[in-house]
Visitor: 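Handing you a structure now.
Proteins come first, then strands; the chains are lettered A, B, ... in the order of their sequence lines, and each starts at number 1.
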Amino acid sequence: SQTIHQWPATLVQPVGSPLSLECTVEGTSNPNLYWYRQAAGRGLQLLFYSVGIGQISSEVPQNLSASRPQDRQFILSSKKLLLSDSGFYLCAWRAGGPVNEQFFGPGTRLTVL
Amino acid sequence: QQQVKQSPQSLIVQKGGISIINCAYENTAFDYFPWYQQFPGKGPALLIAIRPDVSEKKEGRFTISFNKSAKQFSLHIMDSQPGDSATYFCAASIENYGGSQGNLIFGKGTKLSVKP
């Protein structure tokens, strides 16, 4: 069966510090991978998605970047965090191809102080 | 045309009652409509999904009703329980395409509170 992991679970970082959040998926190959951000009590904002290694599409301009160095690894980064980067970051995957069932990870709660 | 509009924003239901959440879409090419359930501090979990070849799908106390002509679909939670208290998201996508066209478009969510 497939499993998606995210770490860390929580993170408190000062403004201006770098960021690296990691997501890995087990039990599938060549998945589509997604990063979402969810502000407190708000909806899901798609940040990045990837259909393959090294292929990253950005949905919104921002202070963040994403990379996919391996088939089942997706990394969200920032060189300098802003207060507005605080939120709940969710990684998700779906199988490549026509079936659109999408599954979310447990999330990372990021607080920028 | 890519939006999915969800209502209400919040909903309070008594234990044992029926919770109804509605979503509307514009893009007639959408052919996959899932619902997600999210508890505080957790990632959303796929609850139930429907494709437009049927008008209703039921799984336990959860039912999706789909009206293709009205471009609307809804989630009904029968015999609502306090444990159902969560945020619910509807979504839509075009299932037979890869790339961005297959990406889910989410509604803004409904916070459901079931009172004991």
Side-chain angles (χ1 to χ4, degrees), chain A residues 1-11 21 23-25 30-52 55-60 74 87-111, chain B residues 2-11 21 23 25 27 29-52 57 59 64 85-113:
Chain A
S1 64
Q2 299 85 7
T3 309
I4 180 168
H5 303 278
Q6 286 187 246
W7 65 89
T10 60
L11 191 60
L21 303 181
C23 170
T24 59
V25 181
N30 197 31
N32 287 6
L33 297 173
Y34 302 86
W35 278 113
Y36 292 83
R37 178 169 57 202
Q38 188 174 31
R42 304 292 294 276
L44 300 161
Q45 181 187 31
L46 179 62
L47 302 176
F48 300 95
Y49 70 93
S50 171
V51 299
Q55 301 179 62
I56 308 295
S57 297
S58 174
E59 288 293 298
V60 292
F74 205 22
F88 192 46
Y89 287 83
L90 291 156
C91 182
W93 75 274
R94 70 174 175 91
V99 178
N100 279 15
E101 289 184 341
Q102 182 171 302
F103 303 94
F104 286 86
T108 295
R109 173 73 60 192
L110 171 66
T111 303
Chain B
Q2 284 292 89
Q3 282 187 334
V4 175
K5 296 183 179 180
Q6 184 172 346
S7 63
Q9 190 173 359
S10 62
L11 180 62
I21 304 170
C23 284
Y25 62 97
N27 189 345
F30 286 151
D31 58 4
Y32 174 67
F33 304 91
W35 285 89
Y36 286 82
Q37 178 188 56
Q38 184 181 29
F39 294 106
K42 305 294 184 183
L46 180 61
L47 185 62
I48 187 173
I50 197 167
R51 293 170 176 85
K57 183 174 182 179
E59 290 185 4
I64 299 179
S85 297
T87 299
Y88 293 81
F89 292 95
C90 65
S93 70
I94 303 171
E95 190 162 47
N96 292 319
Y97 284 91
S100 65
Q101 288 180 303
N103 290 349
L104 288 172
I105 307 299
F106 283 92
K108 293 188 181 300
T110 296
K111 185 173 182 179
L112 172 65
S113 297

Visitor: Relative to chain A, which of B:Gly43, B:Ala49, B:Pro44 shows the most heavy atom pairs under 4.5 Å?
Guide: B:Pro44
Visitor: In the structure I gave you, are the side-chain heavy atoms of B:Phe106 and A:Leu46 within less than 4.5 Å of one another anywhere?
Guide: no
Visitor: Enumerate the residue pairs fulfilling salt bridge (Lys or Arg N to Asp or Glu O under 4.0 Å) with a member in residues 30-41 of chain A, sequence neighbours excluded, ordered by first and then second residue.
Guide: A:Arg37-A:Asp85
Visitor: Examine whether an atom of B:Pro34 lies under 4.5 Å from a heavy atom of chain A, and if so say whether it belongs to the side chain, the backbone or both; otherwise answer neither.
Guide: neither
Visitor: Can you list the steps and then say if A:Leu90 with B:Gln38 is a side chain to side chain contact (heavy atoms under 4.5 Å, CB included)?
Guide: CA-CA 12 Å; A:Leu90 291 156; B:Gln38 184 181 29; 4.2 Å; yes
Visitor: Within a radius of less than 6.0 Å around NZ of B:Lys111, do more than 12 heavy atoms belonging to other residues, nucleotides or ligands occur?
Guide: no
Visitor: Closest heavy-atom contact between B:Lys42 and A:Phe88?
Guide: O-CE2, 3.5 Å
Visitor: Which bit of B:Gln9 is near chain A, if near means a heavy-atom gap under 4.5 Å: side chain, backbone, both or neither?
Guide: neither
Visitor: Working to the nearest 0.5 Å, report the span between OG1 of B:Thr87 and CZ of A:Arg42.
Guide: 12.5 Å
Visitor: Distance-only check: which donor-acceptor pairs under 3.5 Å involve side-chain atoms of residues 101-111 of chain A, not counting sequence neighbours?
Guide:
{"residue": "A:Gln102", "atom": "NE2", "partner": "A:Tyr36", "partner atom": "OH", "Å": "2.9"}
{"residue": "A:Thr108", "atom": "OG1", "partner": "A:Pro8", "partner atom": "O", "Å": "2.5"}

